[in-house]
Amino acid sequence: MPLNPIAQKMIDDSKASGRPNAHLLPVATARENFEATFGALEKPSIHATQDVAIPTRDGETIRGRLYLPSAASDLPLTVYYHGGGWLLGSIDSHDVATRLLATASDSAVLSVNYRRGPDHRFPTAVNDAIDALEWARVPGSLPVDTSRVAVAGDSAGGNLAAAVALEVRDRMAPIAHQLLVYPVTTCDLDKGFDDEFEGIMLERDEMQWHQDNYLPGEDWATDQRVAVLDAKLEGLVAATVILAECDPIRPQGELYAQALRDAGVPVEVFESEGLIHGFFGLDQIFPTASEAMQFAGNRLREAFAEGSAR
C-alpha cells in the first residue's frame, strides 16, 4: 500500500519546517525535540499511575511509572522499554502508548526509564532493563501478580525487550510473553535497512548515529545483547512482532520473526499497512494505529490467561 496520507503530510510538514533531523543536532537538543513532539499528545484516561524508584546493580536508581487499568489486586504485569534509539525518549514521551497498552492488555504496565547513551553506553541500558524486571518480580515491589509477567518495547526498546527475553531464558524464572514493536535486532544496516523508505521517519545515517552514541566501539556491534538477530533463539518465550509497512527498519523485525520461527519459537506478526516507524500508540493521529494496539493487547491477554491456567 502507499504511504498513509496523514503520515505523508507529517513528513512534508517536517521538511517544510526546516528543522534538522535528530542526528544533525546535539543529543540534548534532539531529546528536547523528541519530548516536545510526543508531549503534545492528549493523555488517555486510566485508573491510576504510580511513579516508582527502581534500584540497579551499580547502586543507582532509575525512574519507573506503573500504569493500572483497574483497581484489581491481581493484575498481570507488562514491563515496557521505550524507544528512541537508546539515546532519546523516556517514560514521559511514551506516556500515551503505555496508557493505551495497559488498557488494551488489561495488565499493569511498568514503563522503565533506563539510562541512555552517550551518557551511559551499552550495556548499561540492557542491565537496567534486566534489573527492572528482576525488581518488579520481587513480591511487594508492586501491587501486581508477579507470577504473570511479560516484557515489551518499541524500536530500541524492542531491542531491550528481546535482550531481556534472552537473559530470562538463560538464568531467570520464565516470563509469559515478549511483545516487540518494530524492534531493532541488528547493527548491520546492509540487511536491516530498507532503502526504499529512506527518509521516512528514519535515515540510514541517523541509525548509524544512534549506534555510535550507544555502543562503546564498533566491536560491540556484534554483541548478542544488541545484535539479537545473531543470538541462539531456541527455547525463547513466544513473541508478538508489530511492524509498520513503510518503516526503513521493517526488515529487522521481519528477519527476527523468521529467525524465531526457524528456532521453533511461536511468533505472530502484525503489519500495519501504510504506516511508519513510531506509529504505535499514536491513535490520535493515525486511526488505523488502534488495530495494532488492540492486537498487541489481545496477544498479552492470551499469554496471561495461559499463565493463569497453568
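Residues meeting the side chain to side chain donor-acceptor pair (under 3.5 Å) test with Asp74, sequence neighbours left out: none. Partners of Asn113 according to the side-chain contact (heavy atoms from CB on, under 4.5 Å) rule, which considers only residues two or more places apart in sequence or in another chain, are Arg63, His82, Ser90, Ile91. Qualifying ring pair (Phe, Tyr, Trp, His ring centres under 6.0 Å) partners for Trp220, counting only residues two or more places apart in sequence or in other chains: Phe122. Scanning for salt bridge (Lys or Arg N to Asp or Glu O under 4.0 Å) contacts around Asp190 gives Arg204, with sequence neighbours left out. With sequence neighbours excluded, no residue satisfies ring pair (Phe, Tyr, Trp, His ring centres under 6.0 Å) with Phe286. Checked against ring pair (Phe, Tyr, Trp, His ring centres under 6.0 Å), Phe197 has no partners two or more places apart in sequence or in another chain. Taking the salt bridge (Lys or Arg N to Asp or Glu O under 4.0 Å) definition, one finds that Asp106 meets it with nothing, sequence neighbours left out. The salt bridge (Lys or Arg N to Asp or Glu O under 4.0 Å) test applied to Asp51 returns Arg65, not counting sequence neighbours.
Proximity of a side-chain donor or acceptor of Gln252 to a complementary backbone N or O of Gly192 within less than 3.5 Å is detected. Of the possible polar contacts, none joining the Asp128 side chain to the Tyr114 backbone as a donor-acceptor pair under 3.5 Å is found. At distances below 3.5 Å, not a single donor-acceptor pair connects side-chain atoms of Arg301 with backbone N or O atoms of Ala296. At distances below 3.5 Å, not a single donor-acceptor pair connects side-chain atoms of Glu206 with backbone N or O atoms of His23. Listed for the Arg99 side chain is a donor-acceptor partner under 3.5 Å among the backbone atoms of Pro44. Thr37 places a side-chain N or O within 3.5 Å of a backbone atom of Asn33 that can act as its donor or acceptor partner.
Checked for salt-bridge contact, Arg115 and Asp119 miss the test: no charged N lies under 4.0 Å from a carboxylate O. With salt bridges taken as basic N to acidic carboxylate O contacts below 4.0 Å, none links Asp12 and Lys15. Using a cutoff of 4.0 Å between basic side-chain nitrogens and carboxylate oxygens, Glu268 and Arg299 are scored as salt-bridged. Note on Glu254 versus Arg250: salt bridge recorded, some NZ/NE/NH1/NH2 to OD/OE distance being below 4.0 Å.
No hydrogens or angles considered: a donor-acceptor pair under 3.5 Å links the side chains of His94 and Asp154. Neither side chain, Asn159 nor Tyr81, offers a donor N or O lying under 3.5 Å from an acceptor on the other. Neither side chain, Ser111 nor Thr98, offers a donor N or O lying under 3.5 Å from an acceptor on the other. In summary, the side chains of Thr56 and Asp58 do present a donor paired with an acceptor at a separation below 3.5 Å, with no hydrogens or angles considered. With hydrogens and angles left out, the side-chain atoms of Asn298 and Glu302 include no donor and acceptor closer than 3.5 Å.
For the pair Leu68/Ile46, no side-chain contact is recorded, criterion being any heavy-atom separation below 4.5 Å from C-beta on. Between Leu110 and Thr78, the closest side-chain pair of non-hydrogen atoms is not below 4.5 Å. Residues Asn4 and Cys246 form no side-chain contact, since every pair of their non-hydrogen atoms from C-beta on lies 4.5 Å or further apart.
Sorted by first and then second residue, the pairs that involve residues 142-182 and meet ring pair (Phe, Tyr, Trp, His ring centres under 6.0 Å), not counting sequence neighbours, are Tyr182-His277, Tyr182-Phe279. Screening residues 134-144 for salt bridge (Lys or Arg N to Asp or Glu O under 4.0 Å), with sequence neighbours left out, gives Glu134-Arg171. Counting only residues at least two apart or on different chains, the ring pair (Phe, Tyr, Trp, His ring centres under 6.0 Å) pairs with a member in residues 25-45 are Phe34-Phe38.
Each of Asp247, Leu202, Val184, Leu160 was checked for a side chain to side chain contact (heavy atoms under 4.5 Å, CB included) with Ser155, and the lone residue meeting it is Val184.
Val228 belongs to a hydrophobic cluster with Leu166, Leu180, Leu229, Leu233, Leu236, Val241, Leu243, Leu255, Tyr256, Leu260, Val265, Val267, Val269, counting contacts under 4.5 Å between side-chain heavy atoms of Ile, Leu, Val, Met, Phe, Trp and Tyr, direct or through other members.
More than 12 heavy atoms of other residues, nucleotides or ligands lie within 6.0 Å of CG in Asp195, so this atom counts as buried by the packing criterion.
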